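Working notes for the structure below.
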2 protein chains.
Amino acid sequence: MTANRALELLWRDDRRPARGPQRGLTVDRVVRAAIEVAEADGLAALSMRRVAQHLGVGTASLYTYVPGKTELEALMLDVIGADDPLPHERPGDWRAKLEAWARADWAEFRAHPWVLQLVNKSPAPGPNLLRWIDSALRVFDGTGLSEAEKMAAVESVDAYVRGLARQHLDQAEPDPEQDRLLAELVDFTRYPSLLRVLRAGVRPWSGDQFEFGLQRLLDGIAALIDNRSAPPEGHQ
Amino acid sequence: MTANRALELLWRDDRRPARGPQRGLTVDRVVRAAIEVAEADGLAALSMRRVAQHLGVGTASLYTYVPGKTELEALMLDVIGADDPLPHERPGDWRAKLEAWARADWAEFRAHPWVLQLVNKSPAPGPNLLRWIDSALRVFDGTGLSEAEKMAAVESVDAYVRGLARQHLDQAEPDPEQDRLLAELVDFTRYPSLLRVLRAGVRPWSGDQFEFGLQRLLDGIAALIDNRSAPPEGHQ
DNA sequence: GAGTAGATCGAACGCTGTTCGGAGTTTGTT
DNA sequence: AACAAACTCCGAACAGCGTTCGATCTACTC
């Protein structure tokens with residue numbers, strides 16, 4: 001079962017074998033090399049051959065450190081976020097903490113697109129993921145939310161940030177030639193509401209609207225929390 | 001430029017050539033065949049060879065209908081959502097319309113995972129996308145939101161639905177054996193908040209929490225709209 | 001009828017992740 | 001000291017991928 005081997009790797013069960021020649025590398029060096037390739041030339045350029053080449057090693061040798069590419073990707077993901085500050089360590093109340101984390105995550109995805117493309121591909125949870133979930137849940141301590149609501153709130157903000165980052169990522173940069181062709185092919189008067197938005201200078205999926213949705217979502221969570229902590233008053 | 005050809009295809013600029021033998025297929029049949037393959041065996045099984053085989057045709061022939069796989073995927077995406085009801089056509093006020101659309105989209109992504117995996121990969125906007133954006137924007141007519149805010153609201157809900165659907169999709173189904181191994185490898189007392197949530201019977205990223213985040217986000221948007229439409233009263 | 005643009009598609013190119021088997025190295029046991 | 005087991009390393013190969021090339025055939029224009 002490949003998922004099990006992934007688990008063991010993620011949780012660093014590296015009992016080294018007793019016999020055989022000494023290893024020339026470590027799992028960690030392989031993972032770091034993979035990250036360097038992805039950072040330099042993008043996720044599309046990440047291949048076992050490239051990673052091996054970067055390490056000055058035969059391709060097949062990688063398979064003594066890592067069972068396959070999927071597991072390597074899972075390790076990359078768990079390593080990359082290890083140094084980020086945790087949500088509960090940030091200053092302020094729950095809202096300030098979550099806000100700061102969301103902005104940092106958003107910035108991270110813009111800076112390292114490959115992380116976003118890899119995210120959610122992991123076959124098993126790693127230490128960093130669990131650490132992060134625990135921290136994010138802790139942010140809601142004392143808010144009066146139920147356990148299910150805490151988890152839901154965390155998932156919601158996470159889903160929003162990732163979803164918007166993905167839309168932004170896959171959005172091609174504006175190309176005048178393509179815009180010209182589009183204007184030529186499409187009768188935009190058929191889309192009056194869209195036309196009004198475009199005329200107002202708004203660029204859909206540009207990422208400019210990140211704060212708007214974040215604030216609305218946090219407003220909604222705040223309203224729920226206020227309702228919970230407010231004493232049952234007169235009406236109703 | 002491949003994106004331009006994609007645009008022309010999406011907007012059906014099919015000026016057929018004057019000379020040469022008659023074509024055995026149409027772009028539409030190729031796209032439909034591709035969708036059938038993805039529907040049957042998943043996106044991973046979608047290859048030009050598979051599509052050609054499904055049509056009883058040589059692989060290279062596909063390239064007379066479609067410039068490449070990327071463009072074929074773009075066409076698949078534009079075709080698949082063509083029959084869905086548009087947001088502004090649904091009953092009720094803006095909130096009811098958006099809610100109904102979000103639920104339908106969520107259900108669609110669960111039923112046809114390949115759509116989610118392909119989404120945002122399109123090199124150019126198709127008719128269906130523009131039609132949908134226009135309709136979604138129309139939902140906010142008369143709410144007092146600015147054009148930028150309307151677009152932001154649409155993007156937010158869209159990002160949330162897609163983000164959560166992706167998390168749910170890539171979540172492996174629970175495996176007792178793997179859970180056992182995880183429990184063996186991991187000291188869960190290091191993650192007390194997570195432990196409390198799990199003990200409460202909550203399954204993270206199960207998708208059960210879809211409604212929670214949707215309602216919070218819509219609450220936040222509603223609060224903004226109420227503020228806008230409320231007459232400037234005494235205090236403030 | 002000649003010329004030509006286009007349709008079809010087998011074969012090949014360069015790429016991918018992965019497996020196999022042989023050669024070399026270290027260790028534990030006898 | 002000798003041997004066997006266990007392990008590392010890795011060139012070569014396998015099956016699959018998207019795409020291109022070139023030959024062959026077709027149907028239209030002049």
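Remember, it's a predicted structure, so these values are computed and weren't measured experimentally. So that the names make sense, note that chain A is the first sequence line, chain B the second, and so on, each numbered from 1.
The side chain of Pro21(B) lies closest to dA7(C) when the candidates are dT25(C), dT18(C), dA7(C). The side chain of Ala60(B) lies closest to dC9(C), out of dT18(C), dT8(D), dC9(C).
Close to dC10(D), at under 4.0 Å from its OP1 or OP2, lies a side-chain N or O of Ser61(A). Checking the phosphate oxygens (OP1, OP2) of dT8(D), no side-chain nitrogen or oxygen of Tyr63(A) falls inside 4.0 Å. Taking side-chain N and O atoms only, Arg19(A) has no distance below 4.0 Å to OP1 or OP2 of dG28(C). Within the structure, every side-chain polar atom (N or O) of Thr64(A) is placed at least 4.0 Å from both OP1 and OP2 of dT8(D).
There is a side-chain donor-acceptor pair under 3.5 Å between Trp114(A) and Glu39(A).
Among the heavy atoms of the strands, none lies under 4.0 Å from Leu72(A).
Here dC10(D) presents its P atom at 11 Å from CG of Leu55(A), a figure rounded to the nearest Å. Between the C1' atom of dT16(C) and the CG atom of Leu62(A) lies a distance of 14 Å, rounded to the nearest Å. Rounding to whole angstrom units, CG of residue Leu46(A) and C1' of dC15(C) are separated by 14 Å. Taking atom CZ of Arg23(B) as the reference point, atom P of dT8(C) lies 7 Å away to the nearest angstrom. Atom CE of Met48(A) and atom C1' of dC14(D) are 17 Å apart (whole Å). Rounded to whole angstrom, the span from the OH atom of Tyr65(A) across to the P atom of dC7(D) amounts to 14 Å. If you measure from atom CD of Gln53(A) to atom P of dC10(D), you get 13 Å, rounded to the nearest angstrom.
Side chain Arg49(B) to base dG18(D): a donor-acceptor pair is found below 3.5 Å.
In this structure, Arg138(A) does not pair ionically with Asp134(A), as no charged nitrogen and carboxylate oxygen lie closer than 4.0 Å. With respect to Glu184(B) and Arg180(B), a salt bridge is recorded, a charged nitrogen being found less than 4.0 Å from a carboxylate O.
Note: Trp101(B) and Trp132(B) have tilted aromatic rings, judged against thresholds of 30 and 60 degrees for the angle between ring planes. Using cut-offs of 30° and 60° for the angle between ring planes, the Phe210(A) and Tyr160(A) rings count as parallel.
When each of Gly58(A) and Lys69(B) is assigned the nucleotide of DNA chain D with its nearest heavy atom, Gly58(A) is the one assigned upstream, toward the 5' end.
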